*Asks:* 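For reference, the structure I am asking about is given below.
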Amino acid sequence: MGRKVILATCSLNQWALDFDGNLERILRSIAIAKSQGAKYRLGPELEIWPIMHHNVRYNCRVIFLNGKILLIRPKMLLANYGNNREFRWFSPWNKLRHVEEYYLPRMIQDMTGQDTVPFGDCILSTKDTCIGSEMCAELWNPRSPHVDMGLDGVEIFTNSSASYHELRKADHRVNLVKSATMKSGGIYMFANQKGCDGDRLYYDGCATVAINGDIVAQGRQFSLDDVEVVTAILDLEDVRSYKGEHCHPHVEYEHKPCHRVKLDFSLSDCEDVYLPTHQPIEWQFHTPEEEISLGPACWLWDYLRRSGQAGFLLPLSGGVDSSSTACIVYSMCVLVCQAVRDGNTQVLEDVQRVVNDGSYTPRDPRELCRRIFTTCYMASENSSEGTRNRAKDLASQIGSSHMNLNIDMAVKGMLGIFSMVTGKCPQFRANGGSTRENLALQNVQARIRMILAYLFAQLSQWAEGKPGGLLVLGSANVDESLTGYFTKYDCSSADINPIGGISKTDLKSFLQYCVEQFQLTALKSIMAAPPTAELEPLTDGQVSQTDESDMGMTYSELSVIGRLRKISKCGPYSMFCKLIHTWREALSPLQVAAKVKHFFQMYSVNRHKMTTVTPSYHAESYGPDDNRFDLRPFLYNTRWSWQFRAIDNQVSKMEVGNDYHD
């Protein structure tokens, strides 16, 4: 009947400047799409093509057919928020419905036999349908091109994207894809990058095909496959029936028609009556705990195999944060072993290179963990037996190569140098010292741990007669980064940090998931223990220092404050005005005021630490990463005199007038 089409979209793990690898992955995805009968294959954003036109650089899609370039479609709406800084690299194409001639470079002319091709905002008309293009952020924009294209008769919308993972974000993307065709009908194809972007982001795949508001094909969000192709068989008559019922463009409003590039080509053929079409499916979303287990694990694998290092080293303290990092590495080992069992030859080749053994085949995650993961408990006179045992038990269950060492000798040597020069001997607060002395003594311990971590990362392989070095992993969570509750250049300073964008609350839930998913029962005692830095003297052999006491607020309170600061763009006064209602049942206005002031004082005093914080996996929408996501000053007026005065005045009014209502 000539109305059914086979369409392919894909997720590719591309890597900037890896021209050979990028080309190979593109060609492999094309071959897979053709083998599955597809006549249209959609790839992700910037899989290979930025283009200069009139000496202006554009982010472009290039559409080919049988060795000829049909159209170059520049991106019109650029993303310039959060982690996105597209205006740094590209200019938007602002000429709506406008098409120009693009003179091809001579080397391309020799290949295609063409001198010029259309460049601009236009669509493709085949003999049997009409195809329009979007790029990534254009789907999120309130002026998405698919709206006008749908009213102008476009039946297939294609979106090449480079969309990164954030916890609890996948449903936003799926809903946008569904709504794009729910309003006026059509087929929507979504292609995405996957893998580490060479930085802090993880592109999370999810290649998708939808029709008339229903998802009919779904790619994986997290996997170690460098190439994934998703195909769907769809009936164009279903689109036309839906459009006939819902789409009346000339009644709604006037719009300028799209320029069409006409093709002597059909996506369908006459022998399609026996082709079964894809039916609607329910999207299978991961839980946040699964996302934490899978996303950072895939990111770590990409980083490890591309860095040329031999594994990871982690200072394992026996607390929630370092244990979370350890569990993510273990999850990575589980994924690697599963990929090898599934026949992924690229993963096998990569793991053999990492362990420097061409005959090695990973089968047991614990055995792989032993080969590539070293954990180290760095005790001091302030460490408890409880944390030492918890670290040892977890290391045993995941299979890491575990070390116990004591840093007291190094600490005493460092303080001895100071005392020899100054004639002074600082004391902990518990022994009569000042706050400054107390903090300095904690920092010395923390910084020595960082130095030892890098020493063992560089030389532990050498000591065993093995080649290569280890990547040092950090384990400071997003809430600690937000308040600066860590020592600058301590063992939170590392090469990379898989949990730096994740809240303490989510990490605790993740560890509970690991107890059930991986049977890591050692985590139960870790979750039950109060979070502590163990940098101050013990009291009767027990820990007396706790994180929440040091910070002056709970981790759950910090999560709320963090979202207000970043997402709601609240300063001290506007945050206070919101929290007096949010925390009404637990805190008085005066107590809320004290919490808000304390937070902003900590935040502003410690903001400078974010300029040197370890590169972390981006996972949370309120992350304070100073590198690209949360660009702010690091020298603040820490007194906040006007803002705090406004809070005090409001508290006084509320106390006098008892003006405190929902």
Side-chain angles (χ1 to χ4, degrees), residues 13 195-196 202 220 222-226 286 289-316 322-376 391-403 457 460-461 466 468-475 494-499 507 510-511 513-523 617:
N13 194 340
C196 172
Y202 178 79
R220 285 180 292 177
F222 308 106
S223 81
L224 302 187
D225 294 333
D226 286 345
H286 289 289
E289 294 78 17
E290 290 172 334
E291 290 184 82
I292 295 171
S293 176
L294 298 171
C298 293
W299 181 76
L300 281 182
W301 176 245
D302 273 353
Y303 203 100
L304 175 60
R305 67 187 179 125
R306 290 172 173 172
S307 69
Q309 299 302 297
F312 300 114
L313 182 139
L314 170 69
L316 183 60
S322 62
S323 298
S324 296
T325 296
C327 289
I328 288 171
V329 175
Y330 181 73
S331 176
M332 182 200 79
C333 292
V334 171
L335 291 175
V336 169
C337 292
Q338 184 61 54
V340 171
R341 282 195 295 272
D342 292 342
N344 190 319
T345 55
Q346 182 64 60
V347 171
L348 178 59
E349 178 184 321
D350 288 335
V351 76
Q352 288 174 344
R353 186 174 61 253
V354 169
V355 302
N356 195 40
D357 183 352
S359 64
Y360 175 64
T361 300
R363 293 183 175 87
D364 177 20
R366 294 182 73 255
E367 192 274 334
L368 175 59
C369 219
R370 181 185 61 79
R371 284 180 175 251
I372 65 172
F373 189 31
T374 298
T375 51
C376 183
K392 179 183 176 182
D393 291 345
L394 177 60
S396 175
Q397 290 190 359
I398 65 175
S400 65
S401 177
H402 188 65
M403 296 183 290
S460 60
Q461 292 286 103
K466 300 176 182 178
L470 304 177
L471 292 165
V472 179
L473 295 181
S475 55
D495 293 312
I496 51 176
N497 179 1
I499 69 163
L507 289 176
F510 165 63
L511 291 188
Y513 165 84
C514 290
V515 172
E516 300 163 3
Q517 180 71 14
F518 303 130
Q519 290 77 52
L520 300 178
T521 55
L523 295 172
Y617 180 94

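Given the structure is predicted, the values throughout are model-derived calculations rather than measurements. In what follows, every heavy atom counts, from backbone to side chain, and hydrogens, waters and symmetry copies are set aside. Index from 1, following the sequence.
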*Asks:* Is it true that the side chains of D350 and Q346 contain a donor and an acceptor less than 3.5 Å apart?
*Replies:* yes

*Asks:* In Å, rounded to the nearest 0.5 Å, how long is the span from NZ of K392 to CE of M403?
*Replies:* 15.0 Å

*Asks:* Can you find a side-chain donor-acceptor pair between T375 and S400 that sits under 3.5 Å?
*Replies:* yes

*Asks:* Quick check: closest heavy atoms across C337 and L368, and the distance to 0.1 Å?
*Replies:* SG-CD2, 4.2 Å

*Asks:* Step by step, would you call I496 with L300 a side-chain contact (heavy atoms from CB on, under 4.5 Å)?
*Replies:* CA-CA 9 Å; I496 51 176; L300 281 182; 3.6 Å; yes

*Asks:* So, for L394 and A326, which heavy atoms are closest and what is the spacing to 0.1 Å?
*Replies:* CD2-CB, 4.3 Å

*Asks:* If I take atom OG from residue S324 and atom CD1 from residue I499, how far apart are they, to the nearest 0.5 angstrom?
*Replies:* 5.5 Å

*Asks:* Provide the closest heavy-atom pair for L523 versus L511 in the form atom of the first, atom of the second, distance.
*Replies:* CD1-O, 3.5 Å

*Asks:* Is the closest basic N to carboxylate O distance between E367 and R363 below 4.0 Å?
*Replies:* no

*Asks:* Is any side-chain heavy atom of H402 closer than 4.5 Å to a side-chain heavy atom of L316?
*Replies:* yes

*Asks:* Measuring only between side-chain heavy atoms, which start at C-beta, is I328 closer than 4.5 Å to F510?
*Replies:* yes

*Asks:* With under 30° as parallel and over 60° as perpendicular, where do the rings of W299 and Y303 fit, or are they tilted in between?
*Replies:* tilted

*Asks:* Do Q461 side-chain atoms and L470 backbone N/O form a donor-acceptor pair below 3.5 Å?
*Replies:* no

*Asks:* Ignoring hydrogens, what is the shortest heavy-atom contact between V354 and Q309? Give both atom names and the distance.
*Replies:* CG1-O, 3.9 Å

*Asks:* Nearest 0.5 Å, please: how far is CG in L520 from SG in C514?
*Replies:* 6.0 Å

*Asks:* Could you please spell out the steps behind the salt bridge (charged side-chain N to carboxylate O under 4.0 Å, His left out) verdict for R341 and D364?
*Replies:* CA-CA 11 Å; R341 282 195 295 272; D364 177 20; over 6 Å; no

*Asks:* Under 4.0 Å between a side-chain nitrogen and a carboxylate oxygen: does that hold for R220 and D342?
*Replies:* no

*Asks:* Mark yes or no: R366 above the aromatic ring of Y330, with NZ or CZ under 6.0 Å from the six-membered ring centre and no more than 45 degrees from the axis.
*Replies:* no

*Asks:* Would you compute the distance between atom CD1 of I372 and atom OG of S401 and round it to the nearest 0.5 angstrom?
*Replies:* 12.0 Å

*Asks:* Rounded to the nearest 0.5 Å, how far apart are CG of L348 and CD of Q352?
*Replies:* 4.0 Å

*Asks:* Assess the side chains of S293 and S331: does a donor N or O sit below 3.5 Å from an acceptor N or O?
*Replies:* yes

*Asks:* What's the shortest heavy-atom distance between S359 and D357, and which atoms?
*Replies:* OG-OD1, 2.7 Å

*Asks:* Go through the steps for L314 and V329 under the test side-chain contact (heavy atoms from CB on, under 4.5 Å), then give the verdict.
*Replies:* CA-CA 10 Å; L314 170 69; V329 175; over 6 Å; no

*Asks:* Could you check N13 against D302 for side-chain contact (heavy atoms from CB on, under 4.5 Å), going step by step and ending with a plain yes or no?
*Replies:* CA-CA 9 Å; N13 194 340; D302 273 353; 3.1 Å; yes

*Asks:* Where is the tightest heavy-atom contact between A339 and L224, given as atom of each residue plus distance?
*Replies:* CB-CD1, 4.3 Å

*Asks:* I'd like to check R353 versus Y360 (side-chain heavy atoms, cut-off strictly below 4.5 Å). Are they in contact?
*Replies:* no

*Asks:* Can you sort out the partners of H286 under ring pair (Phe, Tyr, Trp, His ring centres under 6.0 Å), two or more places apart, ordered by chain and number?
*Replies:* F222

*Asks:* Test side-chain contact (heavy atoms from CB on, under 4.5 Å) on L335 and W301 and set out the steps.
*Replies:* CA-CA 9 Å; L335 291 175; W301 176 245; over 6 Å; no

*Asks:* To the nearest 0.5 angstrom, please state how far the CG atom of L313 sits from the CG atom of D495.
*Replies:* 10.0 Å

*Asks:* Please list, chain by chain and in numerical order, all residues satisfying side chain to side chain donor-acceptor pair (under 3.5 Å) with Y617, sequence neighbours excluded.
*Replies:* H165

*Asks:* Can you find a pair of side-chain heavy atoms, one from P362 and one from V355, that are under 4.5 Å apart?
*Replies:* no

*Asks:* Compare all side-chain heavy atoms of Y202 with those of P296 and state whether any distance is below 4.5 angstrom.
*Replies:* no

